[in-house]
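Written below as structure tokens is the structure these notes are about.
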Amino acid sequence: MRMTRWFGRTLREAPAEAETASHQLLLRAGAIDQLMAGVYTYLPLGWRVKRKVEAIVREEMDAAGALEIHMPAIQPLDIWERSGRADAMGPVLFRLTDQRERPLALGPTHEEVVTQLFASQAQSYRDVPVTLYQIQTKFRDEARPRGGLVRVREFTMKDAYSFDADEAGLDASYGAMFEAYKRIFARCGVPTVPVEADSGAIGGKESREFIYLSDTGEDTIVICDRCGYAANTEKAEFVRPPVPPEEPLEVEPIETPGTTTIEALAAFLGVPASKTAKAVFYMATDPHDASAAAEPVFVVVRGDLQVNEVKLRNLLGGKDLRPMTDAESASYGIVPGYASPVGIDERVRVVVDTSIATSPNLVAGANVAGRHLRNVNLSREYHAHDVIDVALAEAGHTCARCGEGTLGTARGIEMGHVFRLGYIYSEAFEARVLDEAGEQRTPIMGCYGLGVDRVIAGAVQEHYDERGIIWPASIAPFDVHLVALGLGRDAELASDADALYTELTAAGLEVLYDDRDDSPGVKFNDADLIGVPLRVTASSRNHKAGVVEVLRRAGGDPDLVPRAEVASYLVAARAELLSALG
RNA sequence: CGGGGUGUAGCUCAGCCUGGUAGAGCGCUGCGUUUGGGACGCAGAGGCCCACAGUUCGAAUCUGUGCACCCCGACCA
């Protein structure tokens, strides 16, 4: 491609709207252009990268045995009602109406469509296992788009769905996708760690997110420094910091005026927070049925821990949680600031973290303003409906997996997600196949998402320097950036540069040819910003010496390569860069 | 949805407090000089100052109401 025929310009300064390196550089290089919040145009530069990523995804999906299809982005709303997600998706679902006033939705994902498709096509066990995938535009009306391509409202996702006869089949399908994902991210130059993720109310026994670790990320994960256990904080298990055993002591009321927080209480009594019980109370509501009565839930965790609302929500079967209003807490005899599970109203469901069961003689509230109780013990002063893991893992906690390592936290961006779905959708859409015995069987499903735009953002975030992007060779918009200097002055050089461009293209290389009449500084700076892996400089000086200069964007010294060997040299250099990505 | 911030040239921003003919740098166009790391001179083009409604003789500037965008949080099958 000749730059004189190119569309999209480089920017010397980053637009004010961009904060992260990936966002700034993609804008400055002229790869993307924002139309509105969370909606971007891909310019020729970015589009070439996107097609490279998609090609890698296709290769690995096909190699894993998946079959590519293309489903509609526009969907009838009734399939969302059938799966029960029309309400659950809430405002994130883009809705519209056709001219016959039929309610429609723009697909935020395609479980409904694919399951209906499978149900209409598949008839017998001979039709499974099958994994279908597509590369599709998804629409989600995100409350807050952010980070350039990281969280957007219209985006490209590779989504795959597997259908298997049984759990063992799902194991194989899921495993194949898991391995394919590892290869895709490695080949795209985006390091990821698979972390255990919450599978939500939707169920399923295993769900993993592929996280690219970056301080610019919006997800928080915990990682064990010893065994490598990695999990989303929502899901992470941990060992509660132990407290010394004690014999149960007698309950003793204490006057604690104006002491409504754990911090204040611990300071007032001169005890560590782990000697206190923290109470948090919610109303649980049914997201599918606004008219259903809300259920009061009272959660107790040790004072040094925090409530993990995702774990709590899973216990409650996916209900939404909101804080109890003052009127509601008053109606159950709960006194905020002095709330206590002791003597609580029987209508309230009491959920206790496992930390409480092993921590004797805690200071808890008394449900009387200005008063707490010392030496409260579970099963003696009060009883719990549930004793579960309902606390949030934090940095410094001990790993539950190996029991020895210490958990640390890190930020990251979710690049992909593999998920054992189970039977939810196949049952909702009555997808059945006949088995060998002639019995109707419901297939078990898995789903596997991968954010193409995020892979691009992650690749840039991972590979850049103060001068610009350093594209991984596998997804670079071009293989070679041919920079010709002083074309206007040296007709012989100009004709040789044109010839070189033709020659490199004929050798199978994708070449961006800077044939503009600009100064060397402008050209070199643009080349650095755009970040093509190999830069070839043709100048009068080199031309006279019968060489060109080759520089790798990633670093190192330039090589002077004899003119006759340039094409083969570059083909080899490109192969070398690609092989480093696996 | 809560909190904060910003809307002026393609980009980065001044001007607003204290109302009186729309500004700078970069970029863009033409001519000339330059040419291995964002050159220089000369001449130009480019604006509904986010929108609407007020106040005023007069509004980019003051007031109100919207809208958009960004950041933090909530949310994120």
Side-chain angles (χ1 to χ4, degrees), chain A residues 8-20 23-24 27-28 30 33-39 80 83-93 107-112 115 138 140-148 150-153 155 157 159 161 197-204 207 209 216 218-219 232 234 287 309-310 313 318 320-323 413-414 417 419-422 424-425 428 445 447-449 451 467-468 483-490 493 514 516-529 535 537-543 548-549 551 558 560:
Chain A
R9 56 183 317 97
T10 55
L11 299 175
R12 223 181 256 218
E13 292 171 283
E17 72 215 30
E19 274 219 334
T20 61
H23 191 193
Q24 289 186 358
L27 287 169
R28 283 188 56 209
D33 180 77
Q34 180 171 356
L35 178 63
M36 58 177 173
V39 179
W80 289 85
S83 68
R85 289 209 292 183
D87 291 330
M89 293 293 297
V92 172
L93 191 64
T109 175
H110 280 74
E111 280 83 7
E112 283 79 0
T115 309
K138 308 287 190 187
R140 294 185 189 179
D141 193 359
E142 296 286 353
R144 179 148 106 81
R146 71 182 98 185
V150 170
R151 177 167 291 275
V152 288
R153 300 197 293 169
F155 58 102
M157 177 185 268
D159 48 322
Y161 307 89
D198 175 62
S199 52
I202 207 160
S207 163
E209 292 172 348
T216 66
E218 52 184 356
D219 295 335
N232 196 308
E234 297 169 346
E309 292 186 7
V310 172
R313 189 177 304 143
D320 283 341
L321 297 169
R322 63 170 172 82
I413 301 169
E414 180 185 351
H417 197 162
F419 200 137
R420 291 166 172 272
L421 266 185
I424 297 107
Y425 295 96
M445 293 175 61
C447 70
Y448 318 93
R467 296 185 158 278
V483 177
L485 302 180
L487 289 172
R489 287 172 296 149
D490 187 337
L493 170 70
D514 193 345
R516 298 174 302 173
D517 184 23
D518 269 307
S519 70
V522 170
K523 294 189 173 199
F524 288 142
N525 278 294
D526 274 349
D528 289 340
L529 177 58
R535 189 185 85 191
T537 308
S539 65
S540 298
R541 190 171 87 188
N542 291 342
H543 182 61
V548 298
E549 177 193 282
L551 182 69
L560 290 175

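Every chain is numbered from 1 and lettered A, B, ... according to where its sequence line falls, protein lines coming before strand lines.
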Extract from the structure each pairing of a protein N or O with an N or O of nucleotides 4-9 of chain B at less than 3.5 Å, listing the distance.
none

Just the table, please: protein N/O against nucleotides 43-52 of chain B N/O, every pair under 3.5 Å.
none

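Side-chain N or O atoms of R28(A) include one that pairs as donor or acceptor with a backbone N or O of L11(A) at under 3.5 Å. Side-chain atoms of Y448(A) never come within 3.5 Å of backbone atoms of R420(A) as a donor-acceptor pair (strictly under, hydrogens ignored). Judged purely by atom type and a 3.5 angstrom limit, R140(A) uses its side chain to pair as donor or acceptor with the backbone of P108(A). Counting only distance, with no hydrogens or angles, the side chain of N542(A) and the backbone of T537(A) share a donor-acceptor pair below 3.5 Å.
In this structure D526(A) satisfies the salt bridge (charged side-chain N to carboxylate O under 4.0 Å, His left out) test together with R516(A), sequence neighbours excluded. By the salt bridge (charged side-chain N to carboxylate O under 4.0 Å, His left out) test, E112(A) pairs with R85(A), sequence neighbours left out.
Remark: the S207(A) side chain and the E209(A) side chain contain no N/O donor-acceptor pair separated by less than 3.5 Å.
A salt bridge links R535(A) to E549(A): at least one charged side-chain nitrogen sits closer than 4.0 Å to a carboxylate oxygen. In this structure, K523(A) does not pair ionically with D518(A), as no charged nitrogen and carboxylate oxygen lie closer than 4.0 Å.
When rounded to the nearest whole Å, the span between CD of E13(A) and P of rG25(B) equals 13 Å. The distance between atom CG of D141(A) and atom C1' of rA77(B), rounded to the nearest whole Å, is 16 Å. Following rounding to the nearest Å, R140(A) (CZ) and rC76(B) (C1') show an atom-to-atom distance of 8 Å.
rG19(B): no Watson-Crick or G-U partner with both key distances under 3.5 Å is found in any strand. Across all strands shown, rA24(B) pairs with rU12(B); the Watson-Crick or G-U wobble distances both stay below 3.5 Å. Across the strands present, rA39(B) finds its partner in rU33(B); the criterion is a Watson-Crick or G-U wobble pair with both atom distances under 3.5 angstrom. Remark: rA68(B) base-pairs with rU6(B); criterion is Watson-Crick or G-U wobble with both hydrogen-bond distances under 3.5 Å. Judged by Watson-Crick or G-U wobble contacts below 3.5 Å, the nucleotide rG54(B) has rC62(B) as its partner. Across all strands shown, rG73(B) forms a Watson-Crick or G-U wobble pair, both distances under 3.5 Å, with rC1(B).
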Requested in this report: Spell out protein contact along nucleotides 31-40 of chain B as letters: B when the base is contacted, S when just the sugar-phosphate is, - when no protein heavy atom is under 4.0 Å; keep the 5' to 3' order.
Outcome: ----BBBBS-
Query raised in the report: Reading nucleotides 66-75 of chain B from the 5' end, what letters show protein touch, with B for base, S for backbone sugar-phosphate only, - for no heavy atom under 4.0 Å?
Result: ---SSBBBBB
